[in-house]
K.L.:
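Below: one structure in structure tokens.
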Amino acid sequence: MKILLILPPLIPLTAAALSLLSWRWRSIQRVLAVAGTAGLLGTALALLDQVWRKGIQATQVGGWPAPFGITLVADLFSAIMVVLAGLTGLAVAVYSLASMDARREEHGYYPLMHTLLMGVCGAFLTGDLFNLYVWFEVMLMASFVLLALGGERAQMEGAIKYVTLNLISSALFLAAVGMLYGAAGTLNMADLARKLSHVAESGLVTTLALLFLVAFGIKAAVFPLFFWLPASYHTPPVAVSAIFAGLLTKVGVYALIRVFTLLFVQDVGFTHTLILVVAGLTMVTGVLGAIVQNEFRRILSFHIISQIGYMIMGLGLFTLPAVAGSVFYIVHHIIVKTNLFLVSGVARRLRGSYELKRLGGLYQACPGLSILFLIPALSLAGMPPLSGFFAKLSLVRAGLEGEQYAIVAAALGVSLLTLLSMTKIWAEAFWKEETKREPKQEAAIEPEPRASWSLLLWPIATLAALTVAMGVAAEPVFTLATRAAEQLMNPADYIRAVLGEGP
Amino acid sequence: MMVTIAVIIALAMLSVALLLALVRLARGPSLPDRVVALDLMGTLAVGMITVYAMTTQQPVFLDVAIVLALISFLGTVAFARYVEKRGS
Amino acid sequence: METVLAFVIGALYAAGLYMMLRRSIVKLIIGLAILGHAANLLIFTASGLTRARSPIIPEALSRPLAPFADPLPQALILTAIVIGFGVQAFALVLIHRAVQTGGTDDLDKMKATDT
Amino acid sequence: MTSLILSTTTRFLLPLLLMFSIFLLLRGHNEPGGGFVGGLLAAAAFALHAIAYSVGATRRLLIIDPRALIGAGLLIAVASGAAPLAAGLPFMTGQWWSPEVPALGKLQIGTPLLFDTGVYLVVLGVTLTIILSLAEE
Amino acid sequence: MLPAVLSGFAAALVASWLHRLERETAGWIIALLPAGLFLYFSGFIEIIAAGDTVAVSYAWVPTMGINLSFYADGLSLLFVLLISGIGTLVLIYSGGYLKGHPQLGRFYSFILIFMASMLGLVLADNAITLFVFWELTSLSSYLLIGFDHKREGARFAALQALLVTALGGLALLAGLLLLGQAGGSLELSVLLSRGELVRAHPLYTPILFLILAGAFTKSAQFPFHFWLPNAMEAPTPVSAYLHSATMVKAGVYLLARLHPILGGTDIWMYVVTGVGAATMLVGACLALRQTDLKRILAYSTVSALGILTLFLGLGTPAAIKAAVVFLLGHALYKGALFLVAGAVDHETGARDVDRLGGLRQAMPITAAAGGLAALSMAGLPPLFGFIGKEMLYEAAYGSLGAALPLTSAVVLASMIFVAVAGMTGFGPFTGKKTSTPKHPHEAVMSLWLGPMLLGLSGLLLGLLPASVGNSLLSPAIEAVSGQAGDLELTLWHGLNPTIALSAVTLAGGAGIYAGREALRRAASRLQMTSWWGPARWYSLLLDGLNVLARGQTRLLQSGYLRYYLLIIIATALGLAGPKLASLGGPPGLVSWQEVRFYEWSLAALILLAALVAIRSRSRLGAVAALGVVGYGVALVYVLFGAPDLAMTQFMVETLTVILFVLVFYHLPRFARLSSGLVRARDALVAVTAGALITTIILFSSNVQFHPKISGYFAEHSLPLAHGRNIVNVILVDFRGLDTLGEITVLAVAAVGVYALLKLRLREEKSK
Amino acid sequence: MFLWNILLTLIWAGLSGNFTFSNVAVGFGLGYVVLWMMQRVLGRSRYFAKVHQVIRFALFFLWELILANLRVAHDVVTPTHHSRPGVIAISLDAKTDVEISMLANLITLTPGTLSLDVSADRRVLYIHAMYIDNDDIDAVRRKIKSGMERRVLELLR
Amino acid sequence: MSDIISGVLLLAGATFMLLAAVGVVRMPDLFTRMQTTTKSATLGAGSMLLAAALYFGDLGVTTRALAVISFLFLTAPVAAHMIGRAAYFVGVPLWKETIVDELRGHYDRRTHDLISNPTMPITRDGNTTESSN
Ligand code: NA
Ligand code: NA
């Protein structure tokens with residue numbers, strides 16, 4: 001069933017094309033939004049199941065043999081990421097039905113969301129370095145537009161920084177791909193891995209590796225390349241923020257993990273130690289940034305950065321348990337961070353603002369929502385027995401085993417500060433008494449029908465349930481992450497799946 | 001033989017011409033001056049490509065010249081339209 | 001020629017980056033465009049240059065006469081050019097709207113969303 | 001604001017340019033050209049029309065909303081890639097037919113050409129959407 | 001055993017609903033759960049007294065070595081019975097104390113979660129499982145301290161408690177993980193037999209310090225003690241349950257639990273004893289300065305926790321015995337006193353000891369309960385507190401080396417305990433009746449039942465110490481000391497030095513009680529101490545953190561795009577530059593003669609055009625120059641055999657220029673905004689970056705590790721893909737997927753342009 | 001008739017199996033001659049008259065083009081400027097869009113003159129002339145009217 | 001033979017193009033610059049393409065060359081007209097030695113319409129042409 005490999009980018013693309021054709025009919029687009037993302041999730045689960053049972057899957061697009069055509073590959077890591085894309089997509093699509101304004105729906109919101117998912121899935125599945133660039137661009141372009149859709153001033157300012165810095169990253173990525181092709185004569189990642197593994201000029205390769213590090217580092221928002229993220233993530237409608245927060249930066253992380261486990265493993269002592277240092281600095285600067293903020297989504301945005309640090313910490317440690325920890329952390333983070341943004345949207349709908357100053361009284365008014373906030377928030381801070389705890393635990397443990405005490409200290413300290421941040425939101429938005437609303441704010445709150453509330457809350461509740469489940473039943477997820485890490489740490493399987501036994 | 005020499009001379013002349021046109025483009029002073037220079041450069045490029053196609057025996061490059069001729073006209077017209085619109 | 005182009009590309013990078021470091025949003029976008037050219041030229045150069053011989057199979061032959069220019073980087077650059085065109089178009093309209101809503105083209109005055 | 005000279009010339013140039021753009025599309029597989037360049041040239045032709053007359057006139061000339069062209073082009077591209085899936089082949093595997101056409105001899109028609117047509121339509125739709133909506137500003 | 005541990009969590013889910021159903025009696029009904037648990041675990045006494053343990057284990061995350069394993073020995077059982085027993089009383093008490101509170105249902109849930117976590121903590125065999133429950137107690141404690149969440153004070157205190165305990169918790173996690181590494185297992189039951197191995201491990205000292213950090217913060221040891229008194233913001237049942245009887249003792253439990261593994265070394269002794277002693281004295285002295293009933297009790301609790309730590313640090317058999325006995329005694333009387341204080345507060349609306357007095361008529365039962373507890377705290381026979389105190393003296397006196405200072409310190413603390421007992425258990429009920437905000441009545445049964453039972457059990461155990469001595473305490477002591485021993489608890493040891501010390505204590509305590517106001521005045525002149533106290537450090541630290549965070553964020557996330565760009569460029573340069581430099585000079589430059597003259601002029605054209613674009617004062621001039629750059633690049637493509645590229649480049653360049661023109665029509669003119677210095681700096685950075693790129697190309701253009709794959713395309717383009725233009729064949733066939741992505745990008749760009757131009761929400765709103 | 005000619009050309013090239021430029025040109029020429037001789041059979045056609053007109057016009061135009069180019073060249077390469085430029089209005093006899101446009105374009109292509117614009121009522125063409133010899137504006141006007149305009153109208157009407 | 005002709009055509013074309021470039025730099029005002037570029041460059045490109053057509057002697061090439069030539073001759077004057085009209089409209093100055101400007105004041109600034117007034121052509125300094133003669 002190799003078709004499963006192409007469907008994840010293809011289903012969203014078809015949904016996008018059909019949505020474009022039904023530009024005028026919002027209801028069709030809304031149906032397509034849910035159907036498309038649900039189809040994606042279903043396909044992704046089937047793919048994961050297949051990879052789990054049969055090992056790494058690869059298909060040659062166009063039937064041209066690797067390394068000449070473009071290969072789509074799904075190892076467990078890829079398959080997991082695609083599932084997460086489907087999950088996030090579906091959750092956000094349902095949430096959007098109730099939260100997106102009609103004007104944005106009329107101006108391409110749903111096709112854009114589909115293309116975003118298409119780009120993300122393509123990036124996760126491709127086995128070709130230049131094709132990865134293309135998927136990155138698909139995703140970026142969709143994100144540019146989603147970010148700017150609506151044309152409000154804050155959106156514009158955020159988008160300019162987002163667009164500029166991401167384009168710098170793309171230009172760098174492109175240049176690095178070009179030079180790598182010039183040197184190694186191939187673009188297929190498995191082929192590159194094979195060829196780079198016996199290369200004398202490792203200095204040049206390491207230099208190129210550093211360029212990739214910077215390019216993907218920008219996309220992943222690591223220190224000191226993250227500026228675009230806090231400048232923009234809080235500006236678009238919350239559904240957009242949510243899918244950005246959950247998925248986008250993780251594509252950068254995915255790329256980092258992919259190339260620094262498959263391609264650039266010649267000088268691990270240098271490159272991966274560097275990554276480790278970056279990881280620590282990313283954690284710390286991100287969380288410090290969050291402490292300063294007083295707006296729901298800005299706090300969450302800075303925390304994304306901080307948690308990117310955890311995700312690449314495992315890569316920097318570069319041991320099997322560490323990489324498994326990274327994979328686990330990514331899974332956890334995507335679900336939790338998406339959810340927190342979705343909750344922030346509900347809070348804003350109830351109180352008309354994202355400013356903590358103006359929020360309040362939610363604990364008394366909506367105990368259910370409070371629990372739905374607490375679960376992801378505490379999970380983010382690494383509180384047991386939620387998903388975040390096990391994610392943090394596996395990384396910390398790997399760090400201790402690798403005797404990298406500084407990064408462990410940073411990881412633990414940062415999780416305390418994360419807790420501080422989350423309790424800040426909790427105390428201000430939930431515990432604190434409701435503040436007197438200004439009349440202007442009042443106007444911003446639109447009365448909502450009941451059905452729309454359930455569309456808002458179902459995705460949140462589902463994601464929260466997953467967060468709990470991933471903690472209480474961490475074993476299956478952890479086994480999955482470990483198997484994924486095994487595949488990542490032993491690229492031979494990957495190479496064999498793509499190129500066959502070969503020379 | 002004749003062509004070989006002519007091609008070299010032509011390439012040299014065109015190279016100089018391109019640089020001269022750039023001088024006007026840089027100097028202006030008015031926007032239409034720059035547009036004229038750009039338009040000229042387009043035509044010069046058409047010539048250059050033609051010559052190059054001859055020297056390399058690769059007529060496929062003529063297609064490039066065609067496309068350039070077609071499109072550079074459009075650029076000039078658009079520019080001119082802009083100049084006029086802004087002037088009002 | 002690789003050597004000459006290496007310097008040209010470096011200079012284009014420098015020019016593009018310098019433009020992007022200006023406060024004017026208009027210069028920013030011009031810088032971006034220059035950077036795009038530089039990146040494309042870089043791929044072209046890095047994978048080796050072949051004078052004049054295009055990778056087109058002449059009539060009556062079944063494969064091009066060697067030496068011919070490497071078609072793969074050409075295809076890559078073509079893709080990159082097209083993508084760059086889309087991005088450029090969007091970015092242009094974006095700055096247009098940004099200037100419209102913000103009332104200024106000074107990037108230093110567009111920092112309300114950061115702090 | 002319109003110019004008599006320009007609009008008169010455009011009346012001649014437009015069909016010429018469109019013809020040439022289709023020419024570029026069709027022979028792109030064997031010589032320089034292809035869907036992208038062809039689509040751009042067609043769009044440029046319509047852009048010229050918009051400059052010579054007005055955006056409204058061009059929209060009337062087009063009949064179809066350029067945005068629909070984008071969707072249609074994407075669908076054609078996807079469909080041409082997905083067709084081999086039905087035969088159990090990988091996505092985008094080229095399928096070729098060589099029908100005998102009188103006077104022209106054996107023609108090679110394949111899904112890659114269909115794909116290129118999709119590209120043509122998308123590029124045309126995209127460029128027109130961009131240029132026309134900008135010109136309307 | 002697992003259902004028993006987890007039952008609390010399940011009950012928490014329904015508690016809220018139950019409360020809604022049965023407002024009046026919910027507390028009583030819910031209390032049936034801990035009562036049942038108490039009975040259930042009482043059933044273990046026999047087994048454990050016989051020297052056995054009860055253990056169950058379920059795989060949780062076996063890949064990480066985490067099991068849901070529980071293990072009941074003497075030590076756990078003692079704690080379990082305290083937790084479930086006092087839990088029962090506290091739940092009943094809460095029903096009365098918070099009667100009518102709108103969020104009482106949630107309160108029950110939180111208390112149940114806490115109870116279950118505490119049970120899990122003390123029963124856990126797996127270190128990570130222990131940690132999970134450990135954190136859950138911190139968390140439920142946060143929710144309980146902040147129960148009165150509309151008050152800023154409550155929120156502040158809750159956060160403080162959480163941060164301090166979570167800080168320790170993180171250290172503990174690292175410590176436990178390292179302990180697991182050192183000992184080769186995460187199961188405590190396994191580790192208990194590997195103490196030698198762990199103590200000899202090179203990481204022993206860090207492990208010890210990390211674990212101690214966890215224990216000390218949780219058990220409010222100096223200098224982390226400050227959160228506990230502030231936590232008195234919580235409703236009184238919480239204070240009684242968490243902050244005296246159970247949670248704060250979790251740290252002590254941990255010390256006791258790990259004593260066989262980590263204890264017995266010099267460093268253990270010095271650190272644990274030292275901290276314990278300091279906490280004991282500081283807590284005791286600070287208790288005297290307070291006038292608020294609950295705060296007095298809180299500081300005395302700090303002091304008592306210090307005592308426990310101190311004796312666990314000593315680690316002698318006598319010390320461990322004393323600690324265990326004192327622990328039970330303290331739990332009973334301190335729980336009772338807190339509940340009494342709550343009842344008094346509830347009935348009178350006042351908690352200031354200076355404003356309370358003569359309540360014995362109005363609240364006789366409460367007074368009796370308070371009196372019993374106070375007597376036990378003061379260490380008077382025949383109450384259980386007396387036995388505990390005697391054993392402390394004995395152990396201190398018998399400790400080698402530091403008998404005198406240690407004994408005098410303990411005596412001093414005990415004296416203050418006597419005074420505190422007077423202030424909290426007698427003062428409010430005796431003397432002249434004072435006026436209070438509310439008119440006092442005897443509390444309802446739910447409010448006096450708990451303290452009464454606790455007070456009575458103190459009396460009962462004092463009279464019949466053997467009833468718990470052999471069955472319960474002795475196995476606990478064995479568990480802590482790691483060796484079998486017998487415990488003979490008797491009320492009366494005969495006349496010996498400790499009795500004398502008791503007498504001295506009582507006399508001194510009475511003296512202090514009498515002179516408490518003078519002492520308080522004297523202490524308030526020493527305000528300095530509070531200024532220098534750790535609470536101050538806490539706020540300084542938080543402020544410092546905020547300042548640091550603000551500074552860092554202002555610096556990095558400045559809002560200036562050009563600084564972002566500068567930093568990114570600098571990063572790339574800083575990373576790749578040195579690496580490249582370390583490779584030496586670029587390998588042999590291609591000879592310049594190879595370059596044809598028109599190629600030179602083309603290069604010059606591109607460069608000059610770029611320069612014009614930079615220097616141009618006119619926007620459209622720059623755009624025109626940009627167009628020339630693009631045309632120049634296209635010509636390069638022509639020269640090197642790329643007609644498709646050139647064609648596309650010409651086309652795109654022209655269309656781009658048109659787009660620029662269309663957009664620039666609406667934009668303001670160029671203005672020179674930066675100073676010359678800034679421009680010079682930017683130029684320097686830009687040129688350096690350009691130089692880097694040039695160098696990399698020079699390096700890589702001579703390097704070719706492997707033959708390129710493009711030969712395949714040339715070979716198969718015509719026969720298999722039916723196309724002569726290989727570039728086009730690659731685009732639509734060999735690498736068609738790239739093109740599919742590419743046209744998607746275009747489509748999205750068009751949607752974006754359209755939407756940006758047509759959708760203007762702000763303007764629509766203003767209309 | 002033009003189509004006939006094309007068809008004949010194609011037949012010629014097809015028969016000879018040679019599609020080089022010279023062969024096709026030969027084919028076209030032959031076809032033209034054949035058709036011209038067959039005039040009596042096929043009936044008189046404006047085609048031949050037009051073709052002759054076009055050829056004459058093209059020769060005239062080329063001549064003008066080269067002459068004026070040389071003049072400009074002279075001006076460009078010599079250090080002093082010889083030009084006496086001016087913007088001149090020329091009343092039009094040309095009426096239709098095509099006539100006016102063609103005239104204007106040809107004027108532009110002839111060096112020394114450059115069409116600037118046509119008035120909204122299509123009665124006047126404004127041109128920029130580079131060499132108004134002896135400052136005689138009317139001479140320039142006359143030259144254009146009797147030269148270019150007359151021939152264009154002849155060709156198109 | 002055809003080699004020689006195409007060689008000559010090539011050189012002539014290149015010369016015209018160079019002339020155009022020199023002209024665009026040297027000529028005193030925009031309009032005179034346009035005078036040189038529009039025709040010299042077009043003529044130059046035309047003769048070069050013709051040279052190529054002769055040189056390759058292939059129908060495809062010739063057709064293409066002729067197509068470009070006709071296209072160039074068709075569009076170059078239109079482009080020049082568009083620039084010239086725009087330049088005049090926005091007031092790009094004429095060379096100081098321009099002797100007459102009969103277009104002056106005939107543009108409607110708002111609608112961009114050009115008013116004809118052939119009976120009263122106006123010179124640049126506002127006098128009628130008759131009086132300036
Ligand atoms: Na190379
Ligand atoms: Na690009």
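Numbers restart at 1 for each chain; the letters A, B, ... are given by sequence-line order, proteins then strands. All values below were derived from every heavy atom in this structure, side-chain atoms included, with hydrogens, water molecules and symmetry-related copies excluded.
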K.L.:
Determine the minimum heavy-atom distance between B:L38 and E:A624, stating which atoms define it.
P.N.:
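Taking B:L38 first and E:A624 second, the nearest heavy atoms are CD1-O, 3.7 Å.
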K.L.:
Any idea which of E:S618, E:A613, E:A604 has the most non-hydrogen atom pairs under 4.5 angstrom with chain B?
P.N.:
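Greatest number of close heavy-atom pairs with chain B: E:S618.
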K.L.:
Given heavy-atom pairs under 4.5 angstrom as the criterion, report whether the side chain, backbone, both or neither of B:I8 touches chain E.
P.N.:
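Both the backbone and the side chain of B:I8 come within 4.5 Å of chain E.
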K.L.:
Sort out for me which of B:V67, B:V77, B:V64, B:V60 touches chain E most, counting heavy-atom pairs under 4.5 Å.
P.N.:
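Top count of heavy-atom pairs under 4.5 Å with chain E: B:V64.
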K.L.:
I need the minimum non-hydrogen distance between B:A26 and E:V612, along with the two atoms involved.
P.N.:
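Closest approach of B:A26 to E:V612: CB-CG2, 3.5 Å.
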K.L.:
Residue by residue, which of residues 630-653 of chain E have a heavy atom closer than 4.5 Å to a heavy atom belonging to chain B?
P.N.:
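At a heavy-atom separation under 4.5 Å, chain B is reached by E:Y631, E:L635, E:V638, E:L639, E:G641, E:A642, E:P643, E:A646, E:M647, E:F650, E:M651.
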K.L.:
Where does E:R617 contact chain B at under 4.5 Å (heavy atoms): side chain, backbone, both or neither?
P.N.:
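When you check distances to chain B, no heavy atom of E:R617 falls under 4.5 Å.
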K.L.:
Is it the backbone or the side chain of B:L74 that comes under 4.5 Å from a heavy atom of chain E, or both, or neither?
P.N.:
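Contact with chain E: backbone and side chain both.
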K.L.:
If I take atom CZ from residue B:R81 and atom CG from residue E:L662, how far apart are they, to the nearest 0.5 angstrom?
P.N.:
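That separation rounds to 10.5 Å.
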K.L.:
Go through it in stages, so that I can follow the logic: the residues are E:Y598 and B:L14, the test is side-chain contact (heavy atoms from CB on, under 4.5 Å), and I'd like the CA-CA distance, side-chain angles, deciding distance and then a yes or no.
P.N.:
CA-CA 9 Å; E:Y598 51 86; B:L14 287 174; over 6 Å; no
K.L.:
Tell me, for B:L31 versus chain E, whether the close heavy atoms (under 4.5 Å) come from the side chain, the backbone, both or neither.
P.N.:
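Interface part for B:L31: side chain.
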K.L.:
Would you compute the distance between atom OG of B:S15 and atom CZ of E:R596 and round it to the nearest 0.5 angstrom?
P.N.:
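Spacing of OG (B:S15) from CZ (E:R596) equals 13.0 Å.
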K.L.:
Looking only at heavy atoms, what is the nearest atom pair of B:A78 and E:V661, with distance?
P.N.:
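In this case the closest contact between B:A78 and E:V661 is O-CG1, 4.1 Å.
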K.L.:
How many angstroms lie between CE in B:M48 and OG in E:S601, if you round to the nearest 0.5 Å?
P.N.:
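B:M48 CE to E:S601 OG: 5.0 Å, rounded to 0.5 Å.
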K.L.:
Report yes if some heavy atom in the side chain of E:I658 is under 4.5 Å from a heavy atom in the side chain of B:Y82; otherwise report no.
P.N.:
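They are not in side-chain contact.
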K.L.:
Return the minimal non-hydrogen interatomic distance between B:L22 and E:V628, and the atom names on each side.
P.N.:
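Taking B:L22 first and E:V628 second, the nearest heavy atoms are CD1-CG1, 4.0 Å.
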